[in-house]
Amino acid sequence: MVAGLPGNLASFAHGATGVSVYVLTTDGVGYGWGYNSNNDLGLGSTAPGSIGLPTPNTALSGVVEVSLEGSRGCARIRGAAAGTEVCLS
């Protein structure tokens, strides 16, 4: 278990180099930590820098799936049209 995460984890995603991690809870809250290149975790800062502890993404709710690829993070939102996703960076 990672300190700072709730126990109701549903899924996780990590960047290609493994330096950014995003987890999703069963109630649709996402938590991110890692390098955060170009705000790929969607936590509000566009400056690259290390985020050492899991930080909730308070800008999104109802997330059903997350993905991280390179310096781009995206989320699929519950109830959104098929194929619709919100990109975090």
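Hydrogens, waters and symmetry mates play no part in the numbers below; they use all other heavy atoms, side chains included. Positions are given from 1, in the same order as the sequence printed here. As the structure is a computational prediction, the values presented were derived from the model and not from experiment.
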field: Sequence neighbours excluded, every pair satisfying salt bridge (charged side-chain N to carboxylate O under 4.0 Å, His left out) that has a member inside residues 51-68
entry: Glu65-Arg76
query: For the atom pair CH2 (Trp33) and CG (Leu5), what is the distance rounded to the nearest 0.5 Å?
result: 4.5 Å
field: CA sep, side-chain torsions, deciding dist, call: Asn8, Asp27, side-chain contact (heavy atoms from CB on, under 4.5 Å)
entry: CA-CA 8 Å; Asn8 60 337; Asp27 56 354; 3.5 Å; yes
task: Could you tell me which non-hydrogen atom of Pro56 sits nearest to which non-hydrogen atom of Val29, and how far apart they are?
output: CB-CG1, 4.5 Å
- request: Not counting sequence neighbours, which residues clear side chain to side chain donor-acceptor pair (under 3.5 Å) with Ser11? List them please.
  value: none
message: Taking the side chain as everything from C-beta on, heavy atoms only, tell me whether Tyr31 gets closer than 4.5 Å to Thr55.
response: no
task: Over all heavy atoms of both residues, which pair between Pro6 and Thr25 is shortest? Give the atoms and the distance, please.
output: CG-CG2, 3.6 Å
message: Rounded to the nearest 0.5 Å, what separates atom CG in Leu9 from atom CG in Leu24?
response: 9.0 Å
field: Closest approach of Gly4 to Pro54 (non-hydrogen atoms, all atoms of both residues)
entry: O-CB, 4.4 Å
